[in-house]
Amino acid sequence: MTEQLLARFEREWLASLNDKQREVVENLQGPLLVLAGAGTGKTRVLTVRLAMLVIEKCAYPSQILAATFTNKAAREIVRRVESLLGADAHRMALGTFHSLSVRLLRRYGDAIGIRRDFTIIDTEDQVRLLKEILQDMSLVAERSSARGLVWCIQRWKDRALIPNSVPEEEAQMFAEGRAREVYRTYQKRLLALGACDFGDLILQCVELLRENNHILQECRERYRYLLIDEYQDTNIAQYLWMRLLAEGHKNLCCVGDDDQSIYGWRGAEVGNILRFEKDFPNAHVVRLERNYRSRPHILSAAAGLISSNKQRMGKTLWTEEDENASGGICGNAQELVSVRGFYDGESEARFIAEEIEALRRREQATYGEVAILVRTIAQMRVFEEAFLYHDIPYRVVGGARFYEREEIRDVVAYLRSCAQSADDLAFARIANKPARGIGSVSLRKLSYFARERGMPMQEAVDSAIEEGIVKGRAANALAELKNKLEGWRNDIERLPLRQLAEKIIEQSGYSYYWENKTDEQSRKENIRELFSALHEVENLENFLEHVALVADGEDGSEEGRVGVMTMHAAKGLEFDAVFLPGWEEGLFPMQRSLEEKGEKALEEERRLAYVALTRARKYVMVGHAQARRIFGQVRSNSPSRFITEIPKEVVEISDEREVRLSIKYDSSYQHKMHSALSHQQEELSSGHIARQSVQQVFAESRTKNSIKRKIGIFKAGDRCKHGQLGEGRVVAVEKNSLTVAFPNKGVYYIDPDYVVTID
DNA sequence: AGTCCACCGTTTTTT
DNA sequence: ACGGTGGACT
């Protein structure tokens, strides 16, 4: 650490922090809880703190541990620490809870019977495994009950409950009262398979640290300063994980915002924030309340809304007048949140598309600074269609994942079968893919036999054949496959990863499998993409870990496009202009969550609304549609109660419909709106339909149908346009989909709804 | 072993 | 409305 750097540190980084922020950076010893409201510069403070620990020589970088929830957040922090400290950033233990846990388990896991080369299974594998178990126990083994149990076991693991500690009444509620038994069997099978699910990564770490004092001591010695990001999202298991490591030195800094807790449904415990001060009694608490992101009207809207929540620690965001107002979009002149009503989801999407263009024209807004935040993924489709029609470039954040595609999972399963012979799940997946005469019956026989012997299927092949469990063609095919797998396994050390993978795909006949199917260009393309990713990884183990833990493939290449994403996916992001469609009772707040958990869920939905509003710097529009197609049926909804919870002083109401334009925004807005809507509903049903709405409905069904019908007029060689991918050429036409080649972007398998012909 | 049809569910989603 | 899926059927 040079004098120069130190001086620069003082001058630039510290000077740029406000008093509260500096308090975070200067209280390096002991427990510290930072309540950081939206847009209060959390990440910056947090990275400066990490740098400070090194500069003040509290610890070597390698003695600092920082846990985040997403890879994206981890990457961002590494990037920013790197800009402060350089290469030292990479010596810190900085990653997601899960990746840090994998590290610990690989190193110490054998103390609790977890093999060093354990594989990480995803939900699909979990479901398969549970179906098998349910079947063995003669319970209803359909997909939905298996999925229900996956969910249930995950929630138990979130609460750090091992089979024996699941409360009896909960165990009674599932699997005909035998849920505990199912869970226990499931864990046994995972152990035998040498596998962990996501919940295990945390839970097993907790068990490991609880039961092995020397390991615990070693870890505490090793990680002297801990930092936890998005603390409000931690579940109980993660809390215990963190507390185990922090007890002793107590150098623990947690950063979170109770108002942004939106993951309760997957086990997050806001209560962990209150628990912190109880478990670490002398904890220093800092509140960051000065907002550097949003204009005052947006802050007021968000603050007013969230004040309806009863369960809060209470923070008030504030901003200096005009502080967050410089440059770019000025929104409407009055600086108000615009609330608009529409006939239906389609006209809402159309309006937003036009409004985006207007913002561009009027305010020189760029596409990349605009986002559409929706409650459910289903709402995104209508925007894709509207943007396609209006030629607006967009990107869907968090859509179908690369590693979840069939062909990718297959190739990965081949690699898993090689890397770890005990991985029956992977073996079962590839055993008859391509078809080599190993039918489901033979495979099941082998599976039972292997389990009786307590050995992995691969290893059981020989004796199963000797004992005549499997015979004939299936036996030969199994023996051959097993030999091939052994051969490839010997190559793991010898060949570069990519060559190994190519060899496997070639010799197994898998590449021929897709070759053989016509019009599966994109499959092969995806496999090629996977192979190129293999270049960047050191070894097979790391690669498999990457596949399991890092779901997203995309990075920065998608800039300059309107973002379309769920409100959940938007957390941590910010945009100049944010459109929030679909604020209707039933959809947002969502009916189902209210039914399940009542008031608690309503408050979580409200926090989601708060998160959504606070993503915006300068402009927010909230939309609600009178009618919306949900599950194929047109449903009529009233405006969301959240709309009425936004202080009326910062709202500008307008309605795109010819309905009661005289409605003024006041406390009875919702009531009036509702009666206006039901009045129109009557008109609709009695045949006196407003002219405009009829035209709209027909116009829309026409465009929809014409797009639908287009599958018939596409033919190979046609030029076409896609909303995200731009112009391309049709390679092949199938029943319901097109294969389209986009120059420099690859070959994609595409739903014709998202493509229009050009010329 | 592959194809067809009826049925089901369809919030949010990271790891 | 729609796609995925599981079971029955060919």
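Each chain gets a letter, A, B and so on, in the order its sequence line appears, and its residues count up from 1.
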How is [X] classified with respect to the nucleic acid when contacts are heavy atoms under 4.0 Å: base, sugar-phosphate, or nothing?
| X | answer |
| --- | --- |
| K131(A) | sugar-phosphate |
| I262(A) | nothing |
| D158(A) | nothing |
| G199(A) | nothing |

Expressed in angstrom and rounded to an integer, what is the separation of [X] atom [atom1] from [N] atom [atom2]?
| X | N | atom1 | atom2 | value |
| --- | --- | --- | --- | --- |
| R381(A) | dA1(C) | CZ | C1' | 10 Å |
| Q379(A) | dT11(B) | CD | P | 12 Å |
| I202(A) | dT15(B) | CD1 | P | 12 Å |
| W151(A) | dT12(B) | CH2 | P | 11 Å |
| M590(A) | dG9(B) | CE | P | 18 Å |
| L602(A) | dT12(B) | CG | P | 19 Å |
| R628(A) | dA1(C) | CZ | P | 17 Å |
| E406(A) | dT5(C) | CD | P | 10 Å |

Original post:
In terms of the nearest nucleotide of DNA chain B, which residue is placed more toward the 5' end: A435(A) or Q154(A)?
Top reply: A435(A)
**OP:** Assign each of S99(A) and I438(A) to its nearest nucleotide of DNA chain B by heavy atoms, then name whichever residue's nucleotide is nearer the 5' end.
**Re:** I438(A)
Original post:
Has T566(A) got a side-chain N or O lying under 4.0 Å from the OP1 or OP2 atom of dT13(B)?
Top reply: yes
Original post:
Just to confirm, is there a sub-4.0 Å distance from OP1 or OP2 of dT15(B) to any side-chain nitrogen or oxygen of N235(A)?
Top reply: no
**OP:** Could you check which of dA1(B), dT15(B), dT11(B) has an atom nearest any side-chain atom of N432(A)?
**Re:** dA1(B)
Subject >> Nearest to side-chain heavy atoms of A569(A), which nucleotide of dT11(B), dT13(B), dT15(B) >> reply: dT13(B)
**OP:** Using a cut-off of 6.0 Å, state whether more than 12 heavy atoms not belonging to R155(A) lie near its atom CZ.
**Re:** yes
**OP:** Return the orientation label for the W151(A) and W265(A) ring planes: parallel under 30°, perpendicular over 60°, tilted otherwise.
**Re:** parallel
**OP:** Establish whether the base of dT11(B) is bridged to the side chain of R375(A) by a donor-acceptor pair shorter than 3.5 Å.
**Re:** yes
**OP:** For this output row, return yes or no: ring centroids of H624(A) and F588(A) closer than 6.0 angstrom.
**Re:** no
**OP:** Check each of E574(A), E230(A), E76(A) against K42(A) using the salt bridge (charged side-chain N to carboxylate O under 4.0 Å, His left out) test, and report the only one that passes.
**Re:** E230(A)
Subject >> side-chain contact (heavy atoms from CB on, under 4.5 Å) assessment of F543(A) paired with L530(A) >> reply: CA-CA 11 Å; F543(A) 176 71; L530(A) 177 74; 3.5 Å; yes
**OP:** Answer yes or no as to whether dT11(B) has its base stacked against W265(A), where stacking requires a ring-centre separation under 5.5 angstrom and planes under 30 degrees apart.
**Re:** no
